[in-house]
Amino acid sequence: MADFDVIVIGGGPGGYVCAIRCAQLGLKTACVEGRETLGGTCLNVGCIPSKALLNATHHLHEVHENFEKMGLMGAAPKVDWARMQAYKADVVNGNTKGIEFLFKKNKVTWLKGWGSIPAAGQVKVGDEVHNAKAIVIATGSEPASLPGVTVDEEVVVTSTGALALGKIPKSMVVIGAGVIGLEMGSVYARLGAEVTVVEYLDAITPGIDGEVAKSFQKLLAKQGLKFVLGAAVQGSERTKKGAKVAYKLRKDDSAHEIEADVVLLATGRRPYTAGLGLEALGVAMEPRGQVQIDGHFQTSVKGVYAIGDAVVGPMLAHKAEDEGMAVAEVIAGKHGHVNYDVIPGVIYTTPEVASVGKTEEQLKAEGRAYKVGKFPFMGNARAKAIFQADGFVKLLADKETDRILGCHIIGPGAGDLIHEVCVAMEFGASAQDLALTCHAHPTYSEAVREAALACGDGAIHA
Ligand SMILES: Cc1cc2nc3c(=O)[nH]c(=O)nc-3n(C[C@H](O)[C@H](O)[C@H](O)COP(=O)(O)OP(=O)(O)OC[C@H]3O[C@@H](n4cnc5c(N)ncnc54)[C@H](O)[C@@H]3O)c2cc1C
């Protein structure tokens, strides 16, 4: 007799969602988590604490930039870093405790400790071995390293250290212009730090629509972030002040150095599977360290599944959650499925950046005939009222059929706006379907409709 129908290893968004869904589907479920709290990277040292700091510092930015314009006068608030950190901790605590509550509500057993898989059908936690009919690996990821850069989480930090610095630095070098680097760079720039982002490629946010990336860089530069692009970091060294970063410009191989109080290494994340015993178990791995899975999330070992950051695909909490639900359904004998063509990506800076589906660059590379409907937030009354009219919505549709192929938004509320396009894409909608849908006025979402109108006979307010 198995102790459990399913044991999920890892209590992040992939693992905890999977465990809850398994329990809801009538399976006796346990989730192994080695941290003190549930919620994984996302709730503890990722999405949630970073959004708390982005929220707090966004308000600060508003006070300095826009309050007087609206007739809101008076002394600007002073930053109490310890209280801001306490606010962040409260947000994290409320959310992680929430998952604990959901486990109890759904009768998921939390096996506290680090798990390993000594044999198929067995999970070892501490000295105890538990039997399970199915095992799900949801062990997530950890910050990637860079040769020559030694992280101490005080002066040379990863995102984990950057979320909990002892004091606000006067200057910061961010290595890597991806989502995490730019979000954390924004936080400290708004807190008064001089932030320089050093990026290997010639553009920021690799993979997002080129036009959006260009606008985004300009708008961040307006907020004070400096960019050194096309720069290969050679290494970093502690100094009296903080640390210096040595880099070579790729265009001419010239060598440069930059010094700052704090260096944030934000060159991405790598899958974390240490200590699981996968090699001995004979689980096949991908060349880049992810657990190899088939179309049903099953590894090369029968009854052992894997999801989330530990497998191939975008390292996003909602992708992990979707896989968690889907694998639960597969294990329960249903038809779990994830549509990887409609996974939105969001950057929670101001302005926000959001995208789903194909970029223009991808469509060009595929040789697909497409049309572009673009609408600037300058024509959106609500965006103008909050001084965020700089961005735009760009909708891409098939030239012949008008079917929506992708959407890229830079502007207010982009991270929420993108979802009407996601739903439309899931239903195979055309740009005209969106254009014919009444949108409330005055809302930012009118800009999405206008972009859809621009795919047809034209936007009204542009
Ligand atoms: C600073 C930052 C900001 C981010 N912001 C966003 C965002 O805004 N939106 C977004 O979608 N994504 C964001 N991400 C990415 C997101 O956090 C991850 O994609 C997501 O957490 C992956 O979920 P997961 O369940 O696969 O793994 P994780 O969240 O990494 O969880 C894995 C868990 O497994 C546990 N574990 C590992 N090995 C074992 C073991 N052997 N035994 C027991 N437990 C184990 C770990 O302790 C961990 O708690 C951010 C990441 C960072 C670092």
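For ligands, and for the atoms within them, numbers begin at 1 and follow the listed sequence. Note that the structure is a prediction, hence the values are computed from the model and not measured.
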Side chain to side chain contact (heavy atoms under 4.5 Å, CB included) assessment of T109 paired with F103
CA-CA 7 Å; T109 304; F103 270 17; over 6 Å; no
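In this structure, M425 and V356 have side chains that are in contact, with non-hydrogen atoms separated by less than 4.5 Å. Using a 4.5 Å heavy-atom threshold, the side chains of L281 and L276 count as separate.
Checking T37 against N44 by side-chain atom types alone, a donor-acceptor pair falls below 3.5 Å. For the 3.5 Å distance criterion, the side chains of K214 and Q217 fail to qualify, holding no donor opposite an acceptor.
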Ligand 1 polar-atom proximity to protein (N/O, under 3.5 Å):
unit_1	atom_1	unit_2	atom_2	d
ligand 1	5 (N)	K51	NZ	3.4
ligand 1	8 (O)	K51	NZ	2.6
ligand 1	11 (O)	A317	N	2.8
ligand 1	11 (O)	H318	ND1	3.3
ligand 1	12 (N)	A317	N	3.4
ligand 1	19 (O)	D309	OD1	3.0
ligand 1	19 (O)	D309	OD2	3.2
ligand 1	19 (O)	M315	O	3.3
ligand 1	19 (O)	L316	N	3.2
ligand 1	19 (O)	A317	N	3.4
ligand 1	21 (O)	C42	N	3.4
ligand 1	25 (O)	P13	N	3.3
ligand 1	25 (O)	G14	N	2.8
ligand 1	26 (O)	D309	N	2.9
ligand 1	29 (O)	T41	N	2.9
ligand 1	30 (O)	T41	OG1	2.6
ligand 1	41 (N)	G115	O	2.9
ligand 1	42 (N)	G115	N	2.8
ligand 1	44 (N)	G34	N	3.3
ligand 1	47 (O)	E33	OE2	2.7
ligand 1	49 (O)	E33	OE1	2.8
ligand 1	49 (O)	E33	OE2	3.1
ligand 1	49 (O)	R35	NE	2.9

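Taking the six-membered ring where tryptophan is involved, the planes of Y444 and F377 are perpendicular, since the angle between them exceeds 60° and thus also 30°.
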